[in-house]
**Q** 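First the structure, then my questions, so here it is.
Just so you know, ligand 1 is whichever comes first in the structure, and atom 1 is the first atom listed for that ligand. Residue numbers start at 1 and run along the sequence shown.
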Amino acid sequence: MQLQEYISLRPYNTFGIDVAATSFLEINDISDLEGIEADTKKLIIGGGNNLLLTKPVDALVLHNKLKGITVEKENDTHIWLRVAAGEIWHELVLYVVNKGWGGVENLALIPGTVGAAPIQNIGAYGTEIRETIDSVTFWYWSEKKLLSFSNRECEFGYRDSIFKNQMRDKFFITSVVLKLDKVPKLNTSYGAIEQELAHMGVTEPTVKAVAYAVIHIRTDKLPDPAQIGNAGSFFKNPSLSKSSFDKLLAMYPKIPFYPVNDSWIKVPAAWLIEQCGWKGYRIGDVGVHTKQALVLVNYGHAHGQEIWDLSGKIVQSVHERFGIQLEREVQVW
Ligand code: FAD
Ligand code: EPU
């Protein structure tokens, strides 16, 4: 596709924010990247599910449409799939579970592209993509060539990777290799999955059944961006040291929590935000979702700056009440 100028990005971000981009190029082939200079200001967009646009994008927008799935190698127990970065994550999950391969079933229905998945190490229902990623291949702007990082080199953490840190703005992910289990080990430890499987009448779960259980749970809990603008969880769940957590627990014995290890405990940001009275809050077209306090929403024609301002007020009130600093998950332009 030819370079387009001054187009609205509204269809390209799930908050539905209407800002213009100076220039816009669809990337259908790796060769489309070759002529772009390292110092060109750019914004890469996959599905726009984790993006808040607060101002016009005075940069070259690269819309990732790289497609294709190939088998890299296989043995008796595993299969390695190379998946182009513009493939839709949930469509890939359906393809994989229909083959009976394990590893990504708990990540069903996470919206977005395969290429964005390693950047924040997408996770849900007790699983993260780092458990399945073998390697990530990317176009490295400064050397104008493809490079690959092994799983270890990606430095994955909770909603984090090297791509959000040292590598920021230096790469365009072109494909991801996933190592999938031919003999799946199901992870149904997340309470709601067991309950949903029972509700579905499943007594001997398969990867496909787990994926559909997750789809049912998610459909109930999270707002669909096609109906109401949002980018999923706006903030990350904070981790507290054991001593800080113990003080909090003494004051709020009902606080939900998840031990990360012996020293750190994660608490749901949604609970903290709800306690501060934000759940269901609305001003103009901006609000906090009525069912999930971690999700900020655009009811129609909100500006990105208004969503940003609301997020700042939430950060401040959670800090004043609990002494906890919330960190934004959503990427902001
Ligand atoms: P985009 O929003 O387009 O981009 C995200 C960031 O990655 C941007 O900084 C962008 O510049 C960069 N980027 C994208 N593609 C590339 C590339 N190929 N190369 C280099 N940089 C790139 N996330 C979870 O982890 N778990 C969940 O359960 C979850 N649930 C969600 C539910 C809803 C309803 C929504 C709207 C979002 C949810 N998210 C969740 C967040 C989102 O789905 C993920 O972050 C997803 O990976 C975003 O994919 P995307 O293609 O839309 O990325
Ligand atoms: N809760 C509240 N109020 C609410 C919602 C939830 O108090 O309005 C409490 C409940 O006690 C609940 C707990 O928070 O038990 C956790 O809620 P939930 O299971 O809905 O998960 P979450 O912590 O809000 C995280 C991820 C989601 C992921 C789900 C399921 C983050 C930032 N968010 O949400 O990921 O889908 O768990 O695993 O880690 C995303 O990253 O965009 C995202 C949606």
**Q** With backbone taken as N, CA, C and O and side chain as the heavy atoms from C-beta onward, which portion of F235 lies under 4.0 Å from ligand 2: side chain, backbone, both, or neither?
**A**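 It is the backbone that touches ligand 2; the side chain stays farther off.
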**Q** Is it the case that ligand 1 has an N or O less than 3.5 angstrom from some N or O of I122?
**A**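 N/O-N/O distance below 3.5 Å does not exist for this pair.
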**Q** Could you list which atoms of ligand 2 come closer than 4.0 Å to a heavy atom of K291?
**A**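 In order of number, 8 (O).
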**Q** For P111 and ligand 1, does the shortest N/O to N/O distance drop below 3.5 Å?
**A**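 Between P111 and ligand 1, an N or O pair is found under 3.5 Å apart.
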**Q** Mark the output for P223 as yes if a heavy-atom distance to ligand 1 is under 4.0 Å, and as no if none is.
**A**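 P223 counts as a contact of ligand 1 under the 4.0 Å cut-off.
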**Q** Relative to the heavy atoms of N64, which atoms of ligand 1 are at a distance of less than 4.0 Å?
**A**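 This gives 18 (N) as the contact atoms.
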**Q** Run the numbers for me: atoms of ligand 2, each under 4.0 Å from some heavy atom of A124, listed by number.
**A**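 Those of ligand 2 that fall under 4.0 Å from A124 are 36 (O), 38 (O).
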**Q** For atom 39 (O) of ligand 2, what is the nearest protein heavy atom, given as residue, atom name and distance?
**A**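 Ranking protein heavy atoms by distance from atom 39 (O) of ligand 2, first comes Y158 OH, 2.7 Å.
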**Q** Report the part of K221 in contact with ligand 2, treating N, CA, C, O as backbone and CB onward as side chain, heavy atoms under 4.0 Å; options are side chain, backbone, both, neither.
**A**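 Only the side chain of K221 comes within reach of ligand 2.
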**Q** Record the part of S233 in heavy-atom contact with ligand 2 below 4.0 Å; permitted values are side chain, backbone, both and neither.
**A**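 Both backbone and side chain.
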**Q** In ligand 2, which numbered atoms sit nearer than 4.0 Å to a non-hydrogen atom of P268?
**A**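 Taking each heavy atom of P268 in turn, ligand 2 has 13 (C), 14 (O) under 4.0 Å.
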**Q** Verify side-chain hydrogen bond (donor to acceptor under 3.5 Å, both in side chains) between T137 and R82, making sure each step is shown before the conclusion.
**A** CA-CA 10 Å; T137 300; R82 179 175 292 278; 3.1 Å; yes
**Q** Would you check the N or O atoms of G47, main chain and side chain alike, for any that come under 3.5 Å of an N or O of ligand 1?
**A**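 Yes, G47 has an N/O under 3.5 Å of an N/O on ligand 1.
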**Q** G232 heavy atoms, cut-off 4.0 Å: which ligand 2 atoms fall inside?
**A**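 In order of number, 42 (O).
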**Q** Start with the C-alpha gap between R159 and E327, add the side-chain angles, then the distance that decides, and say whether salt bridge (Lys or Arg N to Asp or Glu O under 4.0 Å) holds.
**A** CA-CA 11 Å; R159 297 292 190 274; E327 211 185 305; over 6 Å; no
**Q** Considering only heavy atoms, which of Y258, W271, Y190 lies nearest to atom 12 (C) of ligand 2?
**A**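 Shortest heavy-atom distance from atom 12 (C) of ligand 2: Y258.
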**Q** Where is the nearest protein heavy atom to atom 38 (O) of ligand 2: which residue, which atom, and how far?
**A**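 Nearest neighbour among protein heavy atoms for atom 38 (O) of ligand 2, to 0.1 Å: Y125 N, 2.8 Å.
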**Q** Does any N or O atom in R218 lie less than 3.5 angstrom from one in ligand 1, N or O only?
**A**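 Min N/O separation from ligand 1 is below 3.5 Å for R218.
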**Q** Against heavy atoms of A293, which atoms of ligand 2 measure under 4.0 Å?
**A**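 With A293 as reference, the close atoms of ligand 2 come out as 4 (C), 8 (O).
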**Q** Using a 4.0 Å cut-off to any heavy atom of K279, which atoms of ligand 2 qualify?
**A**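 Reading through ligand 2 atom by atom, the close ones are 3 (N), 4 (C), 8 (O).
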**Q** With backbone taken as N, CA, C and O and side chain as the heavy atoms from C-beta onward, which portion of I119 lies under 4.0 Å from ligand 1: side chain, backbone, both, or neither?
**A**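 The answer is the side chain of I119.
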**Q** Check this for me, if you would: do D246 and K242 make a salt bridge, where the nitrogen-to-carboxylate-oxygen distance has to be below 4.0 angstrom?
**A**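 Here D246 pairs with K242 in a salt bridge, since their nearest N and O are under 4.0 Å apart.
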**Q** Which is closest to atom 35 (O) of ligand 2 by heavy-atom distance: R159, E274, R218?
**A**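 The residue whose heavy atom sits nearest atom 35 (O) of ligand 2 is R159.
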